[in-house]
Each structure stands twice: as structure tokens, then as C-alpha cells.
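The structure presented is a predicted model; accordingly, all values stated were derived computationally and were not measured. Starting from 1, each residue takes its place in the sequence as its number.
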Amino acid sequence: MTKSTLFWPLATLFLATVSLAHAQQAKEHRIVVIGAPEEPRFSEVVAALKIGLGELGYAKPSLVVQEVKIARSEEKGAKSIVDGLLRRQTEILFLIGSRLLKPVREASAEVPVVFLTPGDPVAAGLVQSLARPGGNTTAMTFEIPELSGKRLELMKEIAPKTRRVLAVYDPRDPSPRQGIMAARQAAPSLGLTLIEREARGREELRRGLEAIAEADAYLSIPGGFATGFYDEIVRLTNAKRVPAIFHARMGSTADALASYGASDAQIAHEAARLVDKILKGAKAGELPVERPTKFEFVINLRTAKQIGLTIPPNVLARADRVIR
């Protein structure tokens, strides 16, 4: 066989291999991020997820991240919305929160789902176990319910004269229910009385926040309706000179006195690893649910001055970040 006879088959094979590799690289990966329009972390979570995926080698035009916001008032029609998204060859559904997990599962038992939740997904019945969530679902938790009790303890140290603490929460969601239960258990041993108010909507939230007049401090319970109004709650507590503690420092809580917990954006950044594994063939239900291991304690001294509070030096020394 002559060299010229060998050349063309080899050249054809080489070109076919290059074309296949290029096609694999150019394959479009479509991920849909679903959250609520009132969710204050939505843009921060999406941005962090994209950064995490970018660091793993995913980028435009082969990566398409579609953002979809579904309000609570639209929940009855959520399944049909998800059905429409799945017809566009969506590979992964990424949920901010767990409230839409049911309609998403009803729409498909095959399309992988990764969701972020502030609560215990096992206790809430959302997954079978942390080690093996099961089905087509896995999760990242940015909160541990017991931290609501830890925040009460920190508030008592920040403002030792605190006796009555207001907590407004959404009783419809499992995560806030877990958080308020942890706060109830911690309050008596700290010599605190918890003033509880439920908020399923705007009017209940308004009435609930009126109880700030009876409180020495405010405890934010992560998850549910109130999350969309963190900035309003912060403005109110500061105006009333009432110290408040939240689960994380973000845009809407930047002026709060204190926060303690994991960064939502950092958790979303880390969730990119789960997405990467699924895109490479792993089954979502076999990927363990991941929980935060690093918590940040932040104190805002500008706010402390505004509300007339002097933070004890030993508490300041323990803060991971002090905003001056």
C-alpha cells in the first residue's frame, strides 16, 4: 500500500475525531435556576453558581443558565411552567429553596434536581437521607436549624440586657418551622422570652413587625415569606434602635447589627460541584446532601453606634468580621 493510499483514510479519521471532540466541547448544557421574585438572594446565588461553573470549565456559549422566578401566587401553575422548561432540553433544575420541589418532581422524575435549603431536608421529608437523598434529587443546605438557638445566644452576649426577642416566621415552610423550634428550645436557658409572630403574607408581616415595640431584640428565622423583606426589617429595627441578628450578611442585611451563619453565595458557588458531577453522568439521588462547615460571625459597628449600643470587647474579639 502506497503512502498516498494510506493518507486519505488517516486524514479522514483525524478530521472525524477532531469534529467529534469539537462537537462534545460545543454541546450546550442548559440549567434552569428557579426561585421566588421576592427572594433577596436570587441574583447573588445565580452569580455565584455561574462563577463556580466557570471555574470548572463551563462558559458561554456552551453553558446556558436560564433564570425563572415563580411567585407564591403562581405556585398552583408551577408544574405547567416546569413542563414548558423541560421541553427545551433542560439538563438540570436548580432550585433556590424547597417550596417548588413538589411540582418539579411531579413534572419529571428523571431530570436531575439540585436545591438549596435553609433547613434539614431529611426532617422535612424532602430526601431519604443525607448520604443518599434518592430519586432525582440532591441538595446543599446553607443553614442548620439549630443555629437559630446559637443566634439567640450571640444576641444575649451582644446586648446582655436583652429579655424579649421578636421572631417573625412563615409557618408554611418546613425550614422556618425548624428554626423557630430551635429558638424556642434555646430561649429559656438564656433567660429570654420569645415573641413569635407568623407571616404568610404582606399584611401578617406588617402586623407581626408591630410587636417590635414589645421587644429588646429581633431574631431573623431564615426561609419563607419574610426573606423578601429583610431590607425593610433592617430599616425598621435600626429606626427603633432594636438590635437584630440575621443568618448571613448580604445586600439586604448589610446594615443589620449582626449575622451568624454560612454565606448563601458561597454555598451556591460550592453547589457548582454537584452540577458538574451530574453533567458528567452522576445520578443526583446518589450524591450526598452537603451541609455548611464554615460559619461567619459579623458585627456592624456603624449600626451599633446608630442604635446606641456598645458591643462588649470580648464579643468583638470573637467576630470573624467587624464592619467599621
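Side-chain contact between T193 and V165: absent, with no pair of heavy atoms (C-beta onward) separated by less than 4.5 Å. Residues L126 and F115 have side chains in contact (heavy-atom distance under 4.5 Å, counting atoms from C-beta outward). A 4.5 Å side-chain heavy-atom check between P145 and I180 finds every atom pair outside the cut-off. Considering only heavy atoms from C-beta on, M181 stays 4.5 Å or farther from Q178 through its side chain. Two residues are said to be in side-chain contact when any heavy atoms from C-beta on lie closer than 4.5 Å; P292 and T141 meet this criterion. With a 4.5 Å cut-off on side-chain heavy atoms, F94 and L274 do not count as touching. Between L301 and L316, the closest side-chain pair of non-hydrogen atoms falls below 4.5 Å. I34 is listed as a side-chain neighbour of L85, based on a closest heavy-atom distance under 4.5 Å.
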TODO: Step by step, work out the side chain to side chain contact (heavy atoms under 4.5 Å, CB included) result for D276 and Y58.
DONE: CA-CA 9 Å; D276 176 51; Y58 298 92; 2.5 Å; yes
TODO: Begin with the C-alpha distance, continue with both residues' side-chain angles, and end with the deciding distance and a verdict on side chain to side chain contact (heavy atoms under 4.5 Å, CB included) for R302 and I323.
DONE: CA-CA 7 Å; R302 292 199 300 264; I323 311 301; 3.5 Å; yes
Task: Step-by-step salt bridge (Lys or Arg N to Asp or Glu O under 4.0 Å) determination, R184 to E196 - done: CA-CA 9 Å; R184 285 175 192 153; E196 299 181 26; 2.8 Å; yes
Open item on the list: salt bridge (Lys or Arg N to Asp or Glu O under 4.0 Å), that's the test. Do E203 and R206 meet it? Break it down for me.
Closed with: CA-CA 5 Å; E203 183 55 29; R206 184 190 65 77; 2.4 Å; yes
Task: Worked verdict on H29 versus Q89 for side chain to side chain contact (heavy atoms under 4.5 Å, CB included) - done: CA-CA 9 Å; H29 294 295; Q89 298 183 322; over 6 Å; no
- [ ] Using the side chain to side chain contact (heavy atoms under 4.5 Å, CB included) rule, take M250 and D264 through it: C-alpha gap first, then chi angles, then the decisive distance, then the call.
- [x] CA-CA 8 Å; M250 60 189 93; D264 300 344; 3.5 Å; yes
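Checked by atom type and distance alone, the side chain of R177 pairs as donor or acceptor with a backbone atom of R172 at under 3.5 Å. The closest donor-acceptor contact from the side chain of R291 to the backbone of I144 lies at 3.5 Å or more, if one exists at all. In terms of modelled atom types and a separation under 3.5 Å, the side chain of E74 and the main chain of A71 share a donor-acceptor contact. Judged by distance alone, with hydrogens and angles left aside, the side-chain atoms of S108 form no donor-acceptor pair with the main-chain N or O of R105 at under 3.5 Å. Looking at T237, its side chain does come within 3.5 Å of a backbone N or O of I233 through a donor-acceptor pair. Under the 3.5 Å distance criterion, the side-chain polar atoms of N136 are matched with a main-chain donor or acceptor of V111. Side-chain N or O atoms of S98 include none that pairs as donor or acceptor with a backbone N or O of T117 at under 3.5 Å. Side-chain atoms of S175 never come within 3.5 Å of backbone atoms of G224 as a donor-acceptor pair (strictly under, hydrogens ignored). Between the side chain of R249 and the main chain of A254, a donor-acceptor pair closer than 3.5 Å is present. Panel note: side chain D320, backbone V298; no donor-acceptor pair is recorded below 3.5 Å.
Of all non-hydrogen atoms in E91 and P112, the two that sit nearest each other are O-CD, 3.1 Å. In this structure, V122 and Q128 approach most closely via the heavy-atom pair CG1-O, 4.1 Å. Nearest heavy atom pair, residue K240 against residue I212, reads CG-CG2, 4.1 Å.
At a threshold of 4.0 Å, the pair E286-K277 does not count as salt-bridged, since none of the basic side-chain nitrogens sits closer than that to a carboxylate oxygen. In summary, D83 and K79 engage in a salt bridge, as defined by a charged side-chain N under 4.0 Å from a carboxylate O. Ion pairing of K50 with E67 is present here, as a side-chain N (NZ or NE/NH1/NH2) and a carboxylate O approach within less than 4.0 Å. Ionic pairing of E296 and R321 is present here: one or more N-O contacts between side-chain nitrogen and carboxylate oxygen are shorter than 4.0 angstrom. Salt bridge present: E153 and K150 bring a charged side-chain N and a carboxylate O closer than 4.0 Å.
The hydrophobic cluster containing L219 does not contain L166, counting ILVMFWY residues as joined when their side-chain heavy atoms lie under 4.5 angstrom apart, directly or transitively. The same ILVMFWY cluster, assembled from side-chain heavy atoms under 4.5 Å apart, contains both V322 and I307.
By the 6.0 Å contact criterion, CD on E55 is enclosed, its count of non-hydrogen atoms from other residues, nucleotides or ligands being greater than 12.
Using cut-offs of 30° and 60° on the angle between ring planes, the pair Y230 and F246 is perpendicular. Between H247 and F142, the ring-plane angle classifies as tilted under the 30° and 60° cut-offs.
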